[in-house]
Structure formats: C-alpha cells, structure tokens
Amino acid sequence: MRAKGILMLLVMLVITGGLSLISYYGIGENHTLGVANIKQGLDLRGGVYIVYEADKQDITTEEMQAAVSLIQGRMDWNGWTEAEVAQEGNNRIRVDIPGVENAEDAIRKIGQTAQLSFVDEAGTVVLTGDMVKDATKQVGAMQKGDVAMPYVALEFDEQGKQKFAEATKTNIGKPIYIMMDEEIISAPIVQAEITDGRASISGNFTGESAEELASLIRAGSLPFNLNVIQMKNVGARLGADALSTGIVAGAVGMGLVLIFMLVVYKLLGLVADLALLLYVGLELVIMSAFGLTLTLPGIAGIVLSVGMAVDANIVIFERLKEELVEGRTLRLAVKNGFSRAFPAILDGNVTTLIAAGVLFFLGSGTVKGFATTLILGIILSMFTALVITRWIVNAMMYSGLHNPKYYGMRTK
C-alpha cells in the first residue's frame with residue numbers, strides 16, 4: 001500500500017510538471033497547446049473596434065445574420081482573418097480587428113453597404129442585388145437519381161425575374177459571375193433558360209459553405225444601411241502593457257494564494273497548491289487547444305476562479321478537521337470530509353456559473369471574455385478540488401502519512 005501511495009504521488013507530480021511545461025512552452029515548433037498560441041483579445045494585442053447600427057426598425061434575425069456575414073466576408077477579403085464580428089442587441093454589430101491601427105481606414109475598407117451584382121462574361125451587369133428576393137441553403141438532388149447535396153436556391157422579384165430570364169437565355173453554357181463589390185463570390189454555369197424567377201447554384205458545397213454563400217447574396221440586397229455609431233483605436237503598446245500588467249497581477253495573486261495555503265494548512269496546503277498548479281496548467285492548455293480568446297478581464301476571471309478553487313479546498317479541509325475532532329479514523333474523516341463539503345461547493349459554484357452564463361450570452365466584447373474564462377475556471381476548479389485534491393490526499397495516506405496532525409487536527 002505504501003508503494004502504491006508513493007507511486008500515486010509521483011504520477012501526480014509528473015502530470016503537474018508536464019502540464020506546466022506544455023502550457024508554457026507548447027509542443028513542437030508551432031508551440032501547440034502553449035500560451036503562445038492563445039488568441040489575444042483587442043485590449044491585449046491592440047487594434048480597432050467598430051460598432052455599426054442598422055437604420056431600420058423591426059429588423060429580422062435573418063437580416064442581421066446576413067449583415068454579419070457581409071462584414072465577416074469583408075474581413076476575410078482584407079486579410080483580417082483574426083477579426084471577430086458579432087451581433088449586439090437587436091440592431092447593432094460589433095467588429096474587433098486586432099493588429100490594425102487606423103479605425104477610419106478600416107471603416108473605409110469595410111464599407112457600410114454591399115454592392116451585389118450578376119455579371120456576364122463580357123463584364124455587363126445583367127441584374128443587381130436589390131432584385132434578389134431571397135437566397136437560402138437547400139439540400140436535395142439536382143436531377144433524378146443524383147445524390148442529395150447542399151445547394152443555394154435563389155428567388156428574384158418581378159424585375160429580377162425578367163432580367164434573369166434574358167441573361168440566362170443569352171448565356172447558356174457560359175458563367176454568370178456573382179460579385180460582391182469587385183470580388184467574385186461564385187461563378188455558376190448557365191444550364192438552361194430560367195423564366196420562373198427561381199434559380200439554383202450547385203457545386204461542391206458543404207452545408208456551411210452553401211449557407212455562407214446564401215448569406216452573402218442576401219446581404220447584397222439588405223433593405224437598410226449600417227451606420228457607424230462608435231469606433232476606437234487601441235494602441236499596440238497599450239495592449240502590450242495591459243498584458244504584462246495583467247500577467248504580473250495574476251502571478252502575484254497566485255503566489256500569495258499558494259503561500260497562504262502552505263502557511264495556514266501545512267501539508268494540506270501543499271496538496272491544495274499542487275491542485276491549483278494543475279488547474280492553471282489545464283486552463284491554459286484548454287484555452288490554447290480550443291482557440292479561446294484571452295482578454296484583460298479574462299485574466300481577472302482566471303484569478304477569480306483560482307480564489308474559488310482555494311475556497312473549495314478550504315471547505316473540504318475544515319470539514320476533514322471536524323471529522324478528526326469528532327474521533328473519526330483518518331480514512332473515514334477524509335471520506336466524510338469530501339462528501340460533506342460537496343453540497344456546499346456545488347451550490348456555490350452553480351450559482352456563480354449561472355451568473356457567468358448570463359454574462360456570456362447577454363454580454364459582448366471584454367465582458368464575454370471575462371465570462372468565458374470564469375466559466376471554464378469554475379468547471380476546472382470543481383474538478384481539481386473534488387478529484388485531484390482527493391487523489392493527492394489518498395496518496396499521502398497510502399504512502400504512510402497517517403498522523404492526524406498532518407491533516408489539520410490540533411493536539412495538546
């Protein structure tokens with residue numbers, strides 16, 4: 001049993017050390033799973049953010065989704081692949097563009113409305129986006145016997161119906177280019193004259209790419225303008241200073257917590273410290289693996305969840321000491337201490353998780369960044385407190401550390 005306990009402790013030390021190294025250095029030349037691959041928010045990296053507002057009342061969800069797709073497409077066309085576009089409220093869209101220094105220049109490149117057009121091989125515009133009544137993703141077989149595949153279905157208004165009939169009649173076997181401003185977003189080949197005002201665009205679409213094309217086409221016929229109501233530059237230097245300050249603050253806070261636990265709870269404090277180091281390593285690796293964005297408030301969320309993880313350990317240790325004072329054996333005291341602490345830990349974390357969930361779904365920007373790290377931190381802190389801490393305490397018992405005073409019982 002003693003050898004088993006020592007082996008368990010060694011395994012936990014190796015896991016903690018390995019996870020710390022991976023989270024700091026990453027794996028391979030690309031530093032996979034390392035902190036270097038964690039996406040930094042606008043407030044840490046610097047850049048610009050812009051808030052657009054639609055000049056129309058009672059906008060539908062589909063119209064706003066089309067507008068978001070439009071702006072996201074323009075981000076990609078300008079090479080801003082790390083930019084984030086998100087709807088705020090019912091009629092606003094927020095755009096975060098890291099690494100860009102001039103907000104006004106970004107606005108000029110993004111533009112405020114889309115110019116969608118259908119152009120033949122000769123460069124003649126055969127109809128424009130305002131003649132498109134609807135564009136949707138569909139799934140089905142284009143011909144009898146074919147396999148069902150995603151495609152884009154178009155519907156034109158009366159004017160568009162006539163113009164599209166003329167265009168398809170004169171361009172059979174030729175492409176009609178669908179263009180957003182000066183960018184070609186699709187080039188379907190005309191198979192036959194289309195006179196009913198309905199057309200389909202087929203090809204090697206996935207469900208996602210078909211929906212993206214449909215959204216771009218819908219965006220070209222948006223019945224409203226997007227007006228800039230707020231813009232701000234965040235200097236790269238300011239972002240770098242915020243990051244370094246946040247890291248220092250987090251490290252100091254973490255260090256003080258580790259020292260406090262070690263001084264007050266002695267051996268159990270060392271157990272809590274190991275669990276906390278494992279917790280931080282897990283959080284950083286998960287953020288890097290899933291591409292979560294780290295913001296300055298996000299660092300605050302990590303530090304706050306560290307405090308919550310410590311709080312859970314304190315509740316467990318106090319329950320354990322109560323069991324020892326009442327004369328329980330060490331093994332039974334450990335078992336009862338964790339089981340008695342579980343309801344209090346669960347209730348406290350679930351209520352915080354609910355609040356963090358509200359911030360995530362209703363908040364935006366840095367508020368959402370704070371909520372993201374807090375939610376992840378709450379889940380991981382419960383795991384480390386209830387599973388990892390218990391593992392280490394049991395390993396210490398198995399390794400021969402049976403004296404109750406090591407576990408907080410005061411003897412006269």
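What you are looking at is a predicted structure, and each value in this text was computed from that prediction instead of being measured.
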Atom [atom1] of [X] and atom [atom2] of [Y]: how far apart are they, to the nearest 0.5 Å?
| X | Y | atom1 | atom2 | value |
| --- | --- | --- | --- | --- |
| Ile93 | Gln65 | CD1 | CD | 10.5 Å |
| Glu211 | Gln138 | CD | CD | 10.0 Å |
| Leu276 | Leu380 | CG | CG | 12.0 Å |
| Leu296 | Phe370 | CG | CZ | 11.5 Å |
| Glu53 | Ile229 | CD | CD1 | 4.5 Å |
| Asn102 | Ile97 | CG | CD1 | 10.5 Å |

Can you see which heavy atom on [X] is nearest to which on [Y], and at what distance?
| X | Y | result |
| --- | --- | --- |
| Ser381 | Asn349 | OG-OD1, 3.9 Å |
| Met8 | Ala395 | CB-CB, 3.6 Å |
| Thr295 | Gly369 | OG1-CA, 3.7 Å |
| Pro188 | Ile201 | CB-CG2, 4.0 Å |
| Tyr265 | Lys321 | CE2-NZ, 4.2 Å |
| Ile38 | Leu292 | CG2-O, 3.9 Å |

Measure from the side-chain N and O atoms of [X] to the backbone N and O of [Y], and report whether any donor-acceptor pair falls under 3.5 Å.
| X | Y | answer |
| --- | --- | --- |
| Thr384 | Tyr279 | no |
| Thr16 | Leu13 | no |
| Thr168 | Ile194 | yes |
| Asn171 | Lys174 | no |
| Asn233 | Ala103 | yes |
| Arg2 | Ser399 | yes |
| Ser23 | Gly281 | no |
| Asp120 | Ile176 | no |
| Ser305 | Met308 | no |
| His31 | Tyr25 | yes |

Is there side-chain contact between [X] and [Y], with heavy atoms separated by less than 4.5 Å?
| X | Y | result |
| --- | --- | --- |
| Val139 | Met149 | no |
| Asp347 | Thr351 | no |
| Leu282 | Val285 | no |
| Met231 | Val51 | no |
| Met12 | Leu278 | yes |
| Leu374 | Leu353 | no |
| Val350 | Thr352 | no |
| Leu277 | Met254 | yes |

Does a donor on one side chain and an acceptor on the other come within less than 3.5 Å for [X] and [Y]?
| X | Y | answer |
| --- | --- | --- |
| Thr389 | Asn313 | yes |
| Thr206 | Ser209 | yes |
| Tyr52 | Gln87 | no |
| Tyr49 | Gln230 | yes |

Take Thr136 and Val152 through the test side-chain contact (heavy atoms from CB on, under 4.5 Å) and record every step on the way to the result.
-> CA-CA 6 Å; Thr136 58; Val152 177; over 6 Å; no
Picking from Val35, Thr372, Leu376, what satisfies side-chain contact (heavy atoms from CB on, under 4.5 Å) with Met287?
-> Leu376
Of Arg319, Met396, Met397, the residue whose pairing with Val334 passes side-chain contact (heavy atoms from CB on, under 4.5 Å) =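 The single option meeting the side-chain contact (heavy atoms from CB on, under 4.5 Å) with Val334 is Met397.
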Does [atom1] in [X] sit with more than 12 non-hydrogen atoms of other residues, nucleotides or ligands closer than 6.0 Å?
| X | atom1 | value |
| --- | --- | --- |
| Glu326 | CD | yes |
| Glu121 | CD | yes |
| Asn90 | CG | no |
| Asn30 | CG | no |

Assess whether side-chain contact (heavy atoms from CB on, under 4.5 Å) is satisfied between Ile302 and Leu294, documenting all intermediate values.
-> CA-CA 10 Å; Ile302 294 175; Leu294 181 65; 4.2 Å; yes
Any ion pair linking Arg328 and Glu323 (charged N to carboxylate O, less than 4.0 Å)?
->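 Looking at Glu323 and Arg328, the cut-off is met.
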Is a salt bridge present between Asp58 and Lys56, judged by a nitrogen-to-oxygen distance below 4.0 Å?
->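 Lys56 and Asp58: not salt-bridged.
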Using the salt bridge (charged side-chain N to carboxylate O under 4.0 Å, His left out) rule, collect all pairs that involve residues 15-41, keeping only residues at least two apart or in two chains.
->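 For residues 15-41, and leaving out neighbouring residues, the salt bridge (charged side-chain N to carboxylate O under 4.0 Å, His left out) pairs sorted by first residue read Lys39-Glu84.
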Got a sec, which residues hit ring pair (Phe, Tyr, Trp, His ring centres under 6.0 Å) with Phe164, two or more places apart in sequence or on another chain?
->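 Ring pair (Phe, Tyr, Trp, His ring centres under 6.0 Å) list for Phe164, sorted by chain: Phe156.
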List the steps, then state whether side-chain contact (heavy atoms from CB on, under 4.5 Å) holds for Arg340 with Glu318.
-> CA-CA 10 Å; Arg340 289 181 58 193; Glu318 291 299 325; over 6 Å; no
Step-by-step side-chain contact (heavy atoms from CB on, under 4.5 Å) determination, Leu256 to Phe260 = CA-CA 6 Å; Leu256 291 175; Phe260 172 83; over 6 Å; no
